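Remarks on the structure that follows.
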Amino acid sequence: MNKPLPNTFRQGPDARGRFGPFGGRFVAETLMPLILEVEAAYEAAKRDPEFDREWRYLLTHYVGRPSPLWLAQRLTSHLGGAKVYFKREELNHTGAHKINAVLGQILLAKRMGKTRIIAETGAGQHGVATATACALFDLPCTVFMGATDVERQQPNVFRMKLLGAEVVPVTSGAATLKDAMNEALRHWVANVQDTYYCIGTVAGPHPYPAMVRDFQSVIGVETREQILAAEGRLPDALVCAVGGGSSAMGLFHPFLDDEGVAMYGVEAAGRGVDTEEHAASLTRGRPGVLHGNRTYLLQDRHGQITEAHSISAGLDYPGIGPEHSWLHETGRVTYVTATDDEALAAFQLCSKLEGIIPALESAHGLAEVIKRAPTMPKDGIIVLNLSGRGDKDIFTVAHHLGVKL
Amino acid sequence: MSRIAARFAALKAAGRGALVTYLQGYDPDPATSLALLRGLPGAGADLIEVGVPFTDPMADGPAIQRAALRALKAGATLAGVLALVRDFRSEDQTTPIVLMGYYNPILAYGTERFCTDAAASGVDGLIVVDVPPEEADEIEPLTKAAGLDLIRLVAPTTDEARLPRVLAATSGFIYYVSITGITGTKSASSASLAEAIPRLRRHTELPIAIGFGIRTPAQAAEAAKLADGAVVGTALVDALAASLDASGQARPNTVRLVLDQVRSLSEAIRGA
């Protein structure tokens, strides 16, 4: 089909919160007025220089931004192809990119006069970031987390509790991220007056996909400046793992209109995309409506949502942000996959060669770099969003490697 | 006149409100579900809502979530629920049936084909919980073309400014969600209902049914008197669940226990 491509990929969403056919506001009437309130508050905050100033102050002095862009020389020589750079989001306070959007949202919640914060979490990174910001701003915080994830992410559960948050294990469904999000939405409906829902990814009803992307775009904006300073040109390729897709949107969005920059989003293939156990919504799913937005979903032919699987709790979600669905259909971003085993191998290689233990989520991105860099010329440049650190994953990895800690 | 309009008109003439019952299709199995459906009018249900099972019912509490999982385990599909309605309709031409559920199973079925098939199966109206007026252009022309009522939820959070927009797209009746919350968790106070229903009346001529949080015969009677109908869901689903054996299968008295409860709700409404 010769559908003309838009002359910019950066103008979405439209007034209805849609990226092409994706996105929107598919929520029950009880939530709708609240979603509209969040949207109006965010639009006002965006135009307020004081809001931006406060957020950036926190990013600089509390988070430690800008995060470095690291030339991974040993990995580069090992792979024998393009120069590999890491955008080191794992060095942020709390150890992942999540804190960027959390601080923005907590400032927004304060502007809205909300006095309680709720969040959902999978791996626990977003929960920890939210609990951290709530400690800083003295706001009560409740984090919904699938009971399965509570089990496999004990260190982060303990962290959240240390930070003063209440962690609610969710036992409905498969008791993972999807169910945690259902429960957070249910809790929000029942507590709309005083509660702000701090969503961790670029999914959910409008304005969340756009808002979280805007905050996370600090990653791509910095990367652009840093690579121009280091190399005098833009990179040839950007790579990032995608679950919901917030770290990937953050890296990609500022580059979407740069034609020469190829982009690869890496979905979790779990035990393989031809098995039942994966989390590759774009690769193996089809469009549907869940959690307030239209997007690619893992579902059966009757429209029932199926369970995702990934070794990485942060990628274990049967959907993906709506903007990714649109970028997939327009072809601007190429979505590929990495299996549990490939991620585990990348996790170990990165630890040994670069002295950096990556999060299992980021290891999926790295697995693609390991495949792709060797096929590129030596003067090529590939940038990986190293979105989180792997300390939280050492128990999982040890278990898979048959090591008893 | 549609079955829904006819039923509300007849009840108005009779001077009482409607008992609207909610059970999930296929809960706990297709045969029991059909027996329940067929028994409902005789037990006093004036309108019947059939829940369409979905894996991720965002607006529902634990009881209805579990009902959905039981139904899905029993093989529920949207096509299967339509077949249930057809079977019911072969014996009952007058009791209105409203399907209540979420958008994704409809999308998977194909919205246009679904509307046609639903109308042909004897469905009278739809409540699609996660399609607010802002997204309704996707389904409204199709329900209209098929002659199905699109029944909307109005919530306590729906303010004056928004109300006309929500009501403009509604037909059949208004479903007033009496609490800010999910199904089966808490109940609205009489005072808040006494304020909310007249507010709605100023904006619409349509009948109003109150739902979410109505459990007891007394609550049902009060809601049906204040508005034009009371929706009871979780309390019936709870009664059904309590009647099942340890493995979640129906027992011989499952249908009777649920219908007994419908009868006591109906008696309270008729006596009010």
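In what follows, chains are A, B, ... by sequence order, proteins preceding strands, each numbered from 1. This is a predicted model, so every value here is computed, not measured.
Per-residue heavy-atom pair counts under 4.5 Å with chain A were compared for Pro133(B), Ala108(B), Ala59(B), and the maximum is reached by Ala108(B). Note on Thr158(B), Val166(B), Ile179(B): by heavy-atom pairs under 4.5 Å with chain A, the leading option is Thr158(B).
Contacts between residues 16-29 of chain A and chain B, counted as heavy-atom pairs separated by less than 4.5 Å, involve Arg16(A), Arg18(A), Gly24(A), Arg25(A), Phe26(A), Val27(A), Ala28(A), Glu29(A). Along residues 294-303 of chain A, the residues that come nearer than 4.5 angstrom to chain B, judged on non-hydrogen atoms, are Arg294(A), Leu297(A), Gln299(A), Arg301(A), His302(A), Gly303(A) in order of number. Contacts with chain A (heavy atom to heavy atom, under 4.5 Å) involve these residues of residues 74-85 of chain B, listed by number: Thr77(B).
For the atom pair CG (Asn104(B)) and NE2 (His291(A)), the distance works out to 11.0 Å, reported to the nearest 0.5 Å. Considering CG of Asp56(B) and CG of Asn182(A), their distance stands at 4.5 Å, rounded to 0.5 Å. Taking CD1 from Ile182(B) and OG1 from Thr30(A), the interatomic distance works out to 10.5 Å, rounded to the nearest 0.5 Å.
Of the atoms belonging to Val177(B), it is side-chain heavy atoms, and not backbone ones, that fall under 4.5 Å from chain A. Only the backbone of Val154(B) comes within contact range of chain A, with heavy atoms under 4.5 Å apart. Using a 4.5 Å cut-off between heavy atoms, Leu34(A) makes no contact with chain B at all. Only the side chain of Tyr103(B) comes within contact range of chain A, with heavy atoms under 4.5 Å apart. With a 4.5 angstrom heavy-atom cutoff, Pro62(B) does not touch chain A via any of its atoms. At a 4.5 Å heavy-atom cutoff, the contact between Leu72(B) and chain A is made by side-chain atoms alone. Looking at Leu290(A), the atoms closer than 4.5 Å to chain B (heavy atoms on both sides) all sit in the side chain, from C-beta outward. Residue contact with chain A, scored on non-hydrogen atoms closer than 4.5 Å, involves the backbone and the side chain of Glu134(B) alike.
Applying the 6.0 Å contact sphere to CD of Glu276(A) captures no more than 12 heavy atoms from other residues, nucleotides or ligands.
Across all their heavy atoms, Gln304(A) and Pro53(B) have their closest contact at NE2-O, 3.0 Å. The heavy-atom pair separating Met32(A) from Pro132(B) by the smallest distance is SD-CG, 3.7 Å.
Contact of the Thr185(B) side chain with the Arg186(A) side chain is not registered, since no non-hydrogen atoms from C-beta on lie closer than 4.5 Å.
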- Message: Show, in sequence, the C-alpha distance, side-chain angles and deciding distance for Glu183(A) and Gln65(B), and conclude whether the side-chain contact (heavy atoms from CB on, under 4.5 Å) test is met.
- Response: CA-CA 11 Å; Glu183(A) 214 50 43; Gln65(B) 292 170 41; 4.3 Å; yes
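Among residue pairs with one or both ends in residues 57-80 of chain B, those qualifying as salt bridge (Lys or Arg N to Asp or Glu O under 4.0 Å) are Asp27(B)-Arg70(B); sequence neighbours excluded.
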